Every structure is written in C-alpha cells, then in structure tokens.
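What follows is a set of notes on a single structure, which appears directly below.
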Amino acid sequence: MAEVTDDLPNNKAGSTLENGTEPDSSGIDPLSSGTDGEEELIATILASSPGGARASSTGSTTALMGSLKLEDDTDTKDLFITVDDPQKHTFKVDAYVTYRVFTRTTRGNYDNSEYSVRRRYQDFLWLRQKLAESQPTHLVPPLPEKHSMRMDRFSSEFLQTRQKALNQFLERIAEHPVLSFNESFKVFLTAKAWELTAHRKQGSGIISRVGSSLKTTSSTYLLKNRDPEFTIMHEYIQTFGDKLGSVERISGRVLQEETDYAADLDTYGPVFRLWANSEVELSDDLINIADAVEGCAKATKNSVETQDSTCIPTLKEYILYAEAVKDVLKRRDYFQLEHELAADELSRKKNEREQIKISDQAYSFGAFIGKDPVDVKEEKSTRVESQIEKLQRQVEYLSDKTECANADLKADMDRWHKHKRKDVKQVLVDIAEQQTKKYEQSLAAWESVITSLRNGRGDDSTLELSNLVPGVLSQPESDVVFETNSASKSTSAEADDALDMGSDDLDIEAELERELEQIE
C-alpha cells in the first residue's frame, strides 16, 4: 500500500507539476506556499498539534496547499465514494449492521483504482475521532446519531436513512482539501477488516481524549482577548443551533401529529364502507367518501415518509454541525490562550531583566553565601536572557500556529456556509413541494366526491318528478306541456270558484248581523 507522503515534484528545471503544468520561469511553484521556510514552519506546527506525527503523515505541505488552490475546480475531483448494501450480522449476544464502502480514485498514492470494503458504524466513529485528533483546526463533518427515537435501528427505513447520512459524511471528507489526504482516511477506505482493527488499537486512550477536551473547554473562559470575528462566529453558531433545534423539535411533533392523523383516517374510511352495505340508495356516495378519506390518508403518509427521510436528517446533520463548529472554536481558543500565556510570560521576563539591571545584588542569596554581587547579577542576567530568547521563539511559533488555526477555520466556515445555503434551500423546497402535493391530492379526492354527489342529486330530482307525475318520462315533450297547461288552467278555475264561495259567505254573515241589530 502506497504511503500518502509522496510529495509533488520539486520545481526544478525540466520538471513537471502533478497537475500537468510546467513550472513558471520565475522558478516558483505556483502550487507551493512561497518559501521552504514557511513550509517547514507549517509542517512543524502540524507536527506539534495533537497527534502531531499522524498529522505530518497526511501528505506534504506542498500537496495540501496545491489541493487548497484547486478545491473549487470540479474537474480535479479524483476521489469518488459510495456507501450502499447494508447487511445485518446477528450473533448470540450482539447484532450490528455493516455497509459496503466502494471507492474509485485516480490518486497516485493509492495502489489500486478501486476498493470495496465493509464498515460498521463504530468504524465511521473511529475515523471521525482520528480526523479530529490529527487535524484539530479543521471542521470535521459530523456523524449521524447512533439511534433513532422514531424508528427501529434494524428497520429498512432506518437503514436507508443511515446509509444516506454515512454516504454524505464520506463525500464531505473526500471533497475537503486537507482531510481527504489524511492517512487514517486512506486506511479506512482501503484496509481489510483485520488491518483496520489493528489501526484502531493504536489509538489514544480515553483518558488523553478527556484531558484534551477539558483543556479546550476551559480555554474559552480563560481567554482574554478573542478576535471579534470569532466572537461573532461563536454567537452566530450558537443562535443557529438553537433555532435549528427548535425547528427540528417542532417538525418532529408535526410529523407525529400527521402520523396519528393518517392512522385515524385509516380507521375512518372503512366506517363509510360498512355503512354503504346497509344503505342501498346511498351506497355509491358513501363509497366515494371512503375513497376520498383513504386518498387523504395515503397522501399524508407519503408526506410524512418523505420529510422523515430527507428533511429531518438534514436538519439533524446541521444541528450536529453546529456542535462540531463549537468544538473547533474551542480548540482555536486554546491555541490563542497558549499564545497569550507565553506572551505574558515573555513580558514578565523582560520586566525581570530590567529589574536586574537596576538592582543591587549585595543582599541577594548568592551574595549571602559568599559570591560576588557583580557575578550574581551577571548570572541572573544571562539566565533571564536565555529564557527570553526561548520565550520569543515560542511566542513566534504559537503566533504562527494561531494564525494557521484561524486561516483553517475561516476556510472551512466559508465552505460550510456554501454547503449550508444549498442544503437548507433544498430542504425548504422539498417541504413546500411535499405539502403542495399532499394538499393537491386531498383536494382532488374531495372534489371528485362533490362532483359525484351533485350528479346523484340531479338523478334524484328526476326520479321524484317521475313519482309525482306518473308516466312523465315516457310521454312526448308536447304532451307534457299540454298536460301542464291544462293542469294550470284547472287550478286557476278552482281558485276563482273558491274566491266566489268566500264572498257569498261574507254576505250571509252581514245579513245576520243586521237582523240581530233590529231585534235588539
């Protein structure tokens, strides 16, 4: 297996760069950082970081800087990874799932162009820990949560969701200009099962990881003067995580309510079908309503499944991303705290040097034991000067280390914001499209019911007319009109007779009243 430490060709006369371009006439490699001294300094900083020896094995500084220059060029992508084929492995006391990780690459530091290995979730977790240890100033993509509160961890829905999330995790690493050259990443993609097990046993213990975590956590509170840019970054990521967490929680409740609603609809539709069996005249209408209810239930289920498999995982990923950004900010703060402490110590030693210059060593401990005060003063001055020189080198080194951490974090955050805008927009589009589709299907189902009921109401009015006027449907139109006119005329005559009879009764009553008045 080829090592990842193969350097790009040196920029000498007649040499050709790895991307196929010729060196320019100035004798400066366009993919390099500029000077050998700068490269050595950066390599020293990487080597001194946690897991320094492992960090230095991720490839030469020139190769990493070259990849940084070419990261935006999609034609230079040379590492393609696919995660698929989840398989369950069951034992007497344990059960787990492995996924096939298929890799295609054209990189020269890989022995073959294709690799196919099987990895379980614990292997992915080991990879992320190694990347965070060896590249502490870079943003390592988060892994999906190990368990789900809504799905069984061996169900097909959960395995498909987990497979997509793991595939996204490896793709993000493969697209990163630094993490993709990490030796642990190469081991993960190419090593056999027993080789990967041997590498995992060589990792740092949990005590060292806990100690490192405590140091980085405390640095946030001990830091005196954090750069305003990173203060704004910390406040933004805190707000982003809180808001996205609220959206994810509310979305989960909404999906649960929609799931319960779909379950109620599943029991609601059959009620109309059973009712239709005992109502012959209404059976068609009741069956149409049952079909509409079942259509609404199906549309709701499809909406829940789509959001549960596409939208919710993306929200959870970026919630975990917010925590990952906070961790990198803490490590950056730790590097700055180291620089501040070294600078404070350097300032203290310089003040001590000035005090020695103006002090009288006649009452010092050295003079008390018989030494010449001049010699004592000279010894102290020499010792302090030596300490100042070491502290100056340390301050310069830590300053460069902090600057490198700042640059790494800024570059990763720019890349993260680009992915975030794309992914969040896609989530919003998916939610809007799915909601539109659900309501369109529900609307179409109920509109078909309304149309059916209206058509049925016209038939019923015709039947009622035929019952009131027997034979009306079998008579010609002219006969119907004639009979209708005759009926109208007879009805008018009967009304006139009734009016005449009413007037005669009024006359009789008037005569009786007059006779009674005469008698009185």
Side-chain angles (χ1 to χ4, degrees), residues 83-84 86 139 141-153 155-172 175 236-266 268-269 292-326 413-448:
V83 179
D84 57 13
L139 178 58
L143 275 172
E145 296 176 337
K146 187 173 183 179
H147 301 290
S148 173
M149 300 297 293
R150 294 174 53 84
M151 295 180 288
D152 178 66
R153 68 189 186 102
S155 64
S156 59
E157 295 83 2
F158 177 77
L159 294 180
Q160 291 297 324
T161 303
R162 169 63 59 82
Q163 173 186 314
K164 292 179 182 178
L166 295 177
N167 189 85
Q168 182 83 316
F169 169 73
L170 294 182
E171 283 185 350
R172 293 194 190 280
E175 293 172 357
Y236 165 78
I237 206 66
Q238 181 68 39
T239 304
F240 175 79
D242 294 341
K243 298 299 183 184
L244 212 59
S246 299
V247 172
E248 191 269 335
R249 287 192 298 273
I250 297 174
S251 298
R253 291 200 298 267
V254 171
L255 289 182
Q256 186 59 49
E257 292 175 358
E258 290 187 352
T259 302
D260 297 339
Y261 172 66
D264 291 338
L265 291 180
D266 285 337
Y268 192 39
V293 171
E294 292 175 356
C296 291
K298 183 179 180 181
T300 304
K301 290 179 182 178
N302 291 337
S303 175
V304 171
E305 291 176 359
T306 301
Q307 294 184 60
D308 214 3
S309 61
T310 58
C311 303
I312 298 299
T314 302
L315 294 178
K316 289 183 177 179
E317 179 191 14
Y318 276 93
I319 291 174
L320 296 174
Y321 245 131
E323 296 300 321
V325 173
K326 292 178 185 178
M413 286 302 295
D414 290 341
R415 190 180 300 105
W416 179 78
H417 279 294
K418 185 186 301 183
H419 289 305
K420 181 204 65 177
R421 287 191 294 268
K422 177 182 176 182
D423 294 340
V424 172
K425 283 183 179 180
Q426 186 60 47
V427 167
L428 299 178
V429 169
D430 291 341
I431 292 175
E433 289 180 347
Q434 190 57 42
Q435 292 296 318
T436 302
K437 184 178 180 181
K438 179 183 72 173
Y439 288 114
E440 284 178 348
Q441 292 175 350
S442 300
L443 181 62
W446 287 111
E447 284 182 341
S448 65

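Throughout, numbering of the chain's residues begins at 1 and tracks the sequence. Remember, predicted model here, so these are calculated numbers, not experimental data.
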Pairwise side-chain contact, F240 with Y318, heavy-atom cut-off 4.5 Å (strictly under): yes
Which pair of heavy atoms, one from A292 and one from A445, lies closest together, and at what distance? CB-O, 3.7 Å
Rounding to 0.5 Å, atoms CD (Q256) and OG1 (T259) come to a distance of 5.5 Å
Going through the checks in order, is the side-chain contact (heavy atoms from CB on, under 4.5 Å) test met by I431 and T306? CA-CA 9 Å; I431 292 175; T306 301; over 6 Å; no
Taking C-beta and beyond as the side chain, do H419 and R172 meet within less than 4.5 Å on heavy atoms? yes
Less than 4.5 Å apart, side chain to side chain, heavy atoms only: is that true for L166 and L143? yes
State whether the number of non-hydrogen atoms from other residues, nucleotides or ligands found under 6.0 Å of F158 atom CZ is greater than 12. yes
With side chains defined as the heavy atoms from C-beta onward, is the minimum distance between Q160 and S309 less than 4.5 Å? no
Other residues, nucleotides, ligands: >12 heavy atoms within 6.0 Å of Y268 OH: no
Just how far is it from atom NZ of K316 to atom OG1 of T314, taken to the nearest 0.5 Å? 11.0 Å
Is it the case that Q307 and S303 place a side-chain donor and acceptor less than 3.5 Å from each other? yes
Rounded to the nearest 0.5 Å, what's the gap from NZ on K437 to CD on Q434? Could you check? 6.0 Å
Quick one, L139 with Y321, criterion side-chain contact (heavy atoms from CB on, under 4.5 Å). Give me CA distance, side-chain angles, the key distance, then yes/no. CA-CA 9 Å; L139 178 58; Y321 245 131; 4.0 Å; yes
Which heavy atom of D266 sits nearest a heavy atom of A297, and at what distance? OD1-CB, 3.6 Å
From Q435 atom CD to E440 atom CD, the distance as rounded to the nearest 0.5 Å: 11.5 Å
Show your working on side-chain contact (heavy atoms from CB on, under 4.5 Å) between Q426 and T310 and close with a plain yes or no. CA-CA 10 Å; Q426 186 60 47; T310 58; over 6 Å; no
OH/Y236: more than 12 non-hydrogen atoms of other groups inside 6.0 Å: yes
Residue pair N167, Q163: steps toward the side chain to side chain donor-acceptor pair (under 3.5 Å) verdict: CA-CA 6 Å; N167 189 85; Q163 173 186 314; over 6 Å; no
Is any side-chain N of the basic residue among K326 and E323 closer than 4.0 Å to the acidic one's carboxylate O? yes
Side-chain heavy atoms of V293 within contact of W446, under 4.5 Å: yes
So which atom in P313 and which in T161 form the shortest heavy-atom distance, rounded to 0.1 Å? CG-CG2, 3.7 Å
To the nearest 0.5 Å, how far apart are CD in E317 and CG in L315? 10.0 Å
Any chance you could measure I250, atom CD1, to E248, atom CD, to the nearest 0.5 Å? 10.0 Å
